[in-house]
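Worksheet: one structure, shown below.
Convention: sequence-line order gives letters A, B, ...; per-chain numbering from 1.
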Number of protein chains: 2
Amino acid sequence: MSDHDDRPPIDLGGGHRMTPQRREVYEVLMEHSDHPTATEVFMRAKVRMPSISLATVYNCLDTLAGAGVVKQVNVDREPSRYCGNLAPHGHFHCADCGTVLDIDLKNGAELAKTFKVPRGATVERFDIAVRGRCPKCAKVARAR
Amino acid sequence: MSDHDDRPPIDLGGGHRMTPQRREVYEVLMEHSDHPTATEVFMRAKVRMPSISLATVYNCLDTLAGAGVVKQVNVDREPSRYCGNLAPHGHFHCADCGTVLDIDLKNGAELAKTFKVPRGATVERFDIAVRGRCPKCAKVARAR
DNA sequence: TTTTTATTTAGAATAATTATTGATAAGGAT
DNA sequence: ATCCTTATCAATAATTATTCTAAATAAAAA
């Protein structure tokens with residue numbers, strides 16, 4: 001087994017370093033494509049790095065999101081979630097179990113043009129959130 | 001001047017009454033089409049009904065939203081906003097001044113079909129939020 | 001009228017997030 | 001290497017939006 005780290009370096013810009021904590025938080029997000037909250041990231045990171053603190057996880061997530069290497073996802077007023085999927089996509093949010101699933105936006109660029117934003121406004125990004133019941137919960141609901 | 005209330009009655013359903021507080025909160029939302037937060041609604045309602053409390057405003061907003069006569073609008077993790085525009089529409093959120101403006105979705109029904117939600121999932125509603133700079137702030141930014 | 005149920009209010013409680021502070025560590029210049 | 005500056009981390013305090021609790025009030029039902 002090789003003992004060197006052959007992953008490509010990740011530039012965070014703005015004089016920010018890729019510290020062990022930031023790398024760990026980043027790894028946690030890359031491992032699974034679910035959408036963990038800061039607390040969930042904290043719990044997963046803690047397994048391999050017991051000394052990490054929740055405040056640091058918040059800081060890391062903020063830095064990583066600011067650098068654009070992960071995305072912060074907000075559905076309604078629930079705790080923020082984070083994901084490593086950088087491709088343009090929307091989110092499906094289950095009203096019953098709270099799961100968040102990615103929605104592929106095949107025509108993201110097209111879609112953006114259909115929004116009639118106020119004249120003179122500039123667009124930075126857009127978020128699409130669909131709320132309903134995920135397949136599993138929909139099935140349970142039908143059975144009732 | 002007539003002293004009777006000739007506004008059409010609003011049914012809140014579920015055994016809920018249209019109380020003076022609920023009516024006041026509802027009026028505040030109908031008066032302007034901006035998107036006040038609960039605290040802003042509270043301040044406006046307090047002018048004509050000084051005894052109203054913030055908790056009551058939260059309760060009223062929740063009841064009105066539950067009955068479907070007003071809409072709760074969430075952008076990012078900011079405080080919830082409320083609006084009386086029941087037509088399907090998206091929201092434009094200014095990154096600089098925080099203003100929230102309605103975006104007309106002429107083809108809301110069409111749009112909904114373009115989302116490839118997970119197979120077997122049921123859709124309840126969808127939210128579209130565009131983030132950027134409103135005309136006023138975009139102009140200021142250009143001047144810099 | 002009595003009983004029940006819904007509502008309001010003030011204030012306490014909660015939960016997510018941010019801010020503060022002191023300690024530690026990394027980088028660059030000398 | 002040594003000094004100096006800046007970034008980072010961890011613990012904990014503080015903040016903020018919102019919800020909960022409990023007691024009082026009011027309206028509807030019986």
(request) Determine, for nucleotides 15-30 of chain C in 5'-to-3' order, which nucleotides have protein heavy atoms under 4.0 Å from the base (write B), from only the sugar-phosphate (write S), or from neither (write -). (result) -SBBB------S----
(request) Return the value, rounded to whole Å, for the distance between atom CE of B:Met49 and atom C1' of C:dT9. (result) 13 Å
(request) Report the distance from atom CD1 of A:Ile52 to atom P of D:dA11, rounded to the nearest whole Å. (result) 11 Å
(request) Flag the pair A:Glu31 and A:Arg48 as a salt bridge only when some basic side-chain nitrogen lies within less than 4.0 angstrom of an acidic carboxylate oxygen. (result) yes
(message) For B:His91, give me all partners under ring pair (Phe, Tyr, Trp, His ring centres under 6.0 Å), at least two apart in sequence or on another chain.
(response) B:His35, B:His89
(request) Mind checking salt bridge (charged side-chain N to carboxylate O under 4.0 Å, His left out) for A:Arg17 and listing every partner two or more places apart, or none if nothing turns up? (result) none
Can you give me every donor-acceptor pair (side chain of residues 132-141 of chain A, partner residue at least two apart or in another chain, under 3.5 Å) with its distance?
| unit_1 | atom_1 | unit_2 | atom_2 | d |
| --- | --- | --- | --- | --- |
| A:Arg133 | NE | A:Asp96 | OD1 | 3.3 |
| A:Arg133 | NE | A:Asp96 | OD2 | 2.6 |

Tell me which donor-acceptor pairs under 3.5 Å the side chains of residues 68-75 of chain A have, and how far apart each pair is, sequence neighbours excluded?
| unit_1 | atom_1 | unit_2 | atom_2 | d |
| --- | --- | --- | --- | --- |
| A:Gln72 | NE2 | A:Ser80 | OG | 2.9 |
| A:Gln72 | NE2 | A:Tyr82 | OH | 3.4 |
| A:Asn74 | OD1 | A:Ser80 | OG | 2.5 |

(request) Grab the CZ-C1' distance between B:Phe42 and C:dT9 for me, whole Å please. (result) 11 Å
(message) If I take atom NE2 in residue B:His16 and atom P in nucleotide D:dA28, what distance separates them, rounded to the nearest angstrom?
(response) 15 Å
(request) Could you check whether A:Thr56 gets within reach of a base, just the sugar-phosphate, or nothing at all, counting any heavy atom under 4.0 Å? (result) base
(message) Using the side chain to side chain contact (heavy atoms under 4.5 Å, CB included) criterion, which residues pair with B:Met49? Sequence neighbours excluded.
(response) B:Pro20, B:Gln21, B:Glu24, B:Ser51, B:Ile52
(message) What is the separation between atom CZ on B:Arg23 and atom C1' on C:dA6, rounded to the nearest whole Å?
(response) 17 Å
(request) Can you tell me the distance, in whole Å, between the CG atom of B:Leu61 and the P atom of C:dT7? (result) 15 Å
(request) Could you check how far CE of B:Met18 sits from C1' of C:dT7, rounded to whole Å? (result) 14 Å
(message) For D:dA26 and B:Thr19 - does any side-chain N or O of the residue sit under 4.0 Å from the phosphate oxygens OP1/OP2?
(response) no
